Amino acid sequence: MLRMGTRPRPPPDLRQREEGRLLAAVALVEQEEDEEEDSEEGSSGSGGSDSASWAEEGAKATKVPTFDVPYFRYIDEEESEGEGDGQEVWSSSRSLSSIEDDSSSDSVVSDRYVVVSGTPEKILEHLLSVLRLDNHRDDQENTQQTKESEPLLDDFLLTYLVFMSTSDLCQALLVHYCSRRHHQGKDKGKEVLDRKRQVLHLVTQWTTLYRDFLREDEHVKLFMKTLYRFLLDDLYEYPTLEKEQKDLQKLLRLHRRHTAEEYSPHRKSKALSHQLSLKENGLPTRRTQRETREVLCHVYVSMDSYLSVRSLASVVAQGLLQEVAERLDVPLEELVLLAVTYPGEKLLLKPQDRLYSDSLTAVGRLHVCRKDLSEVMNPFTDNAELQQRSARMLSMNTWDVAVTLTNFDWSVFNSIHEQELVYFTFSRHASGGHTVALELLLQRCNEVQLWVMTEVLMCPTLCNRVQLIKKFIKIAAHCKAQRNLNSFFAIVMGLNTAAVSRLSQTWEKVPGKLKKVFLELEMLTDPSLNHKAYRDTFRKTKTPKIPFLPLLLKDITFIHEGNKTFLENLVNFEKLHMIADTVRLIRHCQEDHMGNGMPQKSSPEVQAYVDYLHIIDNQQTLFELSHRLEPRV
């Protein structure tokens, strides 16, 4: 099983050993090349590049007997056996142009490459060999065109973590950058230069695509530092790499006056987490969850109900307690905040205690109670707060409520990266904090569904319940009109739950016109024919739009579980293409070529209400409330 996600920060000595291991790996490769080139001119030897001397120093500092890439070592063994038998380890890979040139083919040819399977090493080698360097430009428009014209590169970058680690990829790219063994003859210099440019082009696309996902990875920091060092050395022999050097320097956000000092081989490596930001490089950026640092705090006010409080991840106990006290209209002096840990231990939080770690993990299940540890609210108790619930909700404009829900969903959805879906599918329990935005939007979808149920079932009078259902039907229709299919699904499913749908006396009072509207909305959530109604509607909806994420994750899971990742020790790249093709839907939905826009101005009153949703998450309690409203006959 592959281990994916951000690895813990190693201590300085480990980082030095890792750097030595990378340098030693490159040194061993160049040593092999030098032995092959003994019969050639001395200018082609290892003395022609400073990078070789640096690599030799690293090899002396750390003795590494082999190139430590577990998958590659196994592949090399298989490859050597395959060569002896006259077999190839690369399976069914050819470009579109070669297919089109085959005049004997009468079939309709797909407009993409054909890669069925291969070893990780062969896939990377093939990828580098087919990269088109003529499209390598630093402006945003051409960068996007390059990405669209290289589907193989995009598929590889989105899914490589399925079959190799980031550390393996970094080592392999360094080897390809320094390799000369495959190039012979008078065009050898040009071929070596092209291979270096291809590696640098791939690295540029990689860092542009991943952005914050690479910021905290120690292997990437060390790799970027080493690659930039080698690139500086190669400028003497290959002056045409100056443009690539400037591009890489932009990615690292290096100041010219710090270049010589920062990348001295005798200087200890420094933290480069701030150097992978693309904000000042003219590259497209999006606000990410790490930058906004917003969370939905679940603050339980009873054993089976909580307030969903939208707050910053840096919130402390005193600040959250004050917000909850204002929402419940209870004096702050009467309340305390507890954290219940998973073993069941109750911790009394101090005013300045932080509630979330850097990875956005809560200290425990948060409970607000009175100082005598009694519950603040009971859903079966008639109090002032519960009596005002229906009045507040009924006084709000349905369009404003839909706008507020959409604004929140869009702020989270627009920060989701395609890679989060891959992490969530293949490494759900070890994602290393890479799926924060995705999990937040899934949590919000579940909350909206429970909120609809809570609002209806907490309304004591029949007349108000009918009005509430009418409002929720209109809010669902407005969410659909605003292209927010995530909240649309959540509201419709909330009205369709057994605890709400069984209220026959209430539904009988709903006007027939609205019942017809609700029936049409229900048809879009019909799961028959693999959600055909929803998929057809979603396909026709213009971008930007927010998809129903649980269904998208279901599609990826079906692809993952229905197809093997490895076929006879070869990576099943056709499966990875299907996964990459599915997760690219995120990128498509976030596009706004026509300037349609998603966020709209919302009402402050509605915003304050939606930011503090009171939700009952206990299904048994919800059914008890339902039977109290309309007892079973």
Side-chain angles (χ1 to χ4, degrees), residues 5-6 8-9 211-217 271-279 285-301 306-328 330 332-333 335-342 345-369 376 404-405 407-417 420 423 431-444 446-447 599 602 604 607-615:
T6 303
R9 184 184 181 89
R211 295 189 300 277
D212 288 342
F213 277 85
L214 299 179
R215 179 178 295 179
E216 300 172 2
D217 195 307
L272 304 177
S273 59
H274 64 286
Q275 295 176 354
L276 293 180
S277 171
L278 307 179
K279 183 177 180 181
T285 60
R286 291 197 298 257
R287 294 181 65 197
T288 65
Q289 183 64 20
R290 292 178 178 84
E291 294 168 349
T292 58
R293 307 292 289 184
E294 282 190 340
V295 293
L296 290 175
C297 301
H298 288 183
V299 185
Y300 281 81
V301 294
Y306 63 84
L307 280 177
S308 177
V309 182
R310 182 181 180 183
S311 181
L312 295 176
S314 58
V315 65
V316 295
Q318 181 71 15
L320 182 62
L321 193 60
Q322 185 173 355
E323 293 182 25
V324 174
E326 293 176 359
R327 178 68 173 84
L328 298 178
V330 178
L332 178 62
E333 298 76 15
L335 302 177
V336 293
L337 186 61
L338 301 175
V340 181
T341 60
Y342 289 107
E345 181 183 1
K346 292 184 179 181
L347 303 176
L348 181 61
L349 298 176
K350 298 178 181 179
Q352 298 305 317
D353 285 346
R354 288 192 59 182
L355 304 180
Y356 289 88
S357 65
D358 293 336
S359 61
L360 303 185
T361 303
V363 295
R365 175 166 161 159
L366 302 176
H367 283 258
V368 167
C369 58
V376 179
T404 305
L405 292 173
N407 286 347
F408 178 84
D409 288 358
W410 176 251
S411 67
V412 179
F413 176 74
N414 198 37
S415 68
I416 294 178
H417 191 278
E420 294 193 38
Y423 272 106
S431 58
H434 285 311
T435 60
V436 173
L438 175 61
E439 292 177 6
L440 182 61
L441 194 55
L442 292 174
Q443 175 186 342
R444 184 62 169 184
N446 187 52
E447 284 186 358
S602 58
Q607 183 74 51
Y609 183 82
V610 174
D611 283 349
Y612 299 90
L613 297 179
H614 181 204
I615 295 168

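Numbers here simply count residues along the sequence, with the first being 1. Because the structure is predicted, anything quoted here is derived from the model rather than measured.
T341 pairs by the side-chain hydrogen bond (donor to acceptor under 3.5 Å, both in side chains) definition with nothing, not counting sequence neighbours. Partners of Q352 by side chain to side chain contact (heavy atoms under 4.5 Å, CB included), not counting sequence neighbours, listed by chain and number: V316. Taking the salt bridge (Lys or Arg N to Asp or Glu O under 4.0 Å) definition, one finds that E323 meets it with nothing, sequence neighbours left out. Residues forming a salt bridge (Lys or Arg N to Asp or Glu O under 4.0 Å) with R365 (at least two apart in sequence, or on another chain): none. Partners of D611 by side-chain hydrogen bond (donor to acceptor under 3.5 Å, both in side chains), not counting sequence neighbours, listed by chain and number: Q607. For Q318, the side-chain hydrogen bond (donor to acceptor under 3.5 Å, both in side chains) test picks out no residue, with sequence neighbours left out. Partners of F408 according to the ring-ring contact (aromatic ring centres under 6.0 Å, His included) rule, which considers only residues two or more places apart in sequence or in another chain, do not exist here. In this structure, the ring-ring contact (aromatic ring centres under 6.0 Å, His included) partners of Y300, at least two apart in sequence or on a different chain, are Y306, H367. Among residues two or more places apart in sequence or in another chain, the side chain to side chain contact (heavy atoms under 4.5 Å, CB included) test is passed with E326 by Q322.
L347 CG to L337 CG: the interatomic distance, rounded to the nearest 0.5 Å, is 10.5 Å. Between atom OH of residue Y612 and atom SG of residue C297 there is a gap of 9.5 Å, rounded to the nearest 0.5 Å. One finds the CG atom of L296 at 11.5 Å from the CG atom of N446 (value rounded to the nearest 0.5 Å). For the atom pair CG of L338 and CG of L366, the computed distance is 9.5 Å after rounding to the nearest 0.5 Å.
Shown here for R444 and S308, the closest heavy-atom pair between the two residues is NH1-OG, 4.3 Å. Nearest approach of Y356 to A313, heavy atoms of both residues: CB-O, 3.6 Å. Annotation for A317 and L349: closest pair CB-CB, 4.0 Å, computed over non-hydrogen atoms. Considering every non-hydrogen atom in both D353 and K350, the closest pair reads OD2-N, 2.7 Å. Closest heavy-atom contact between E420 and S415: OE2-O, 3.8 Å.
The side-chain contact (heavy atoms from CB on, under 4.5 Å) test with L355 singles out one residue from V299, V295, T361, V315, and that residue is V315.
The shortest distance between side-chain heavy atoms of H614 and Y609 does not fall below 4.5 Å.
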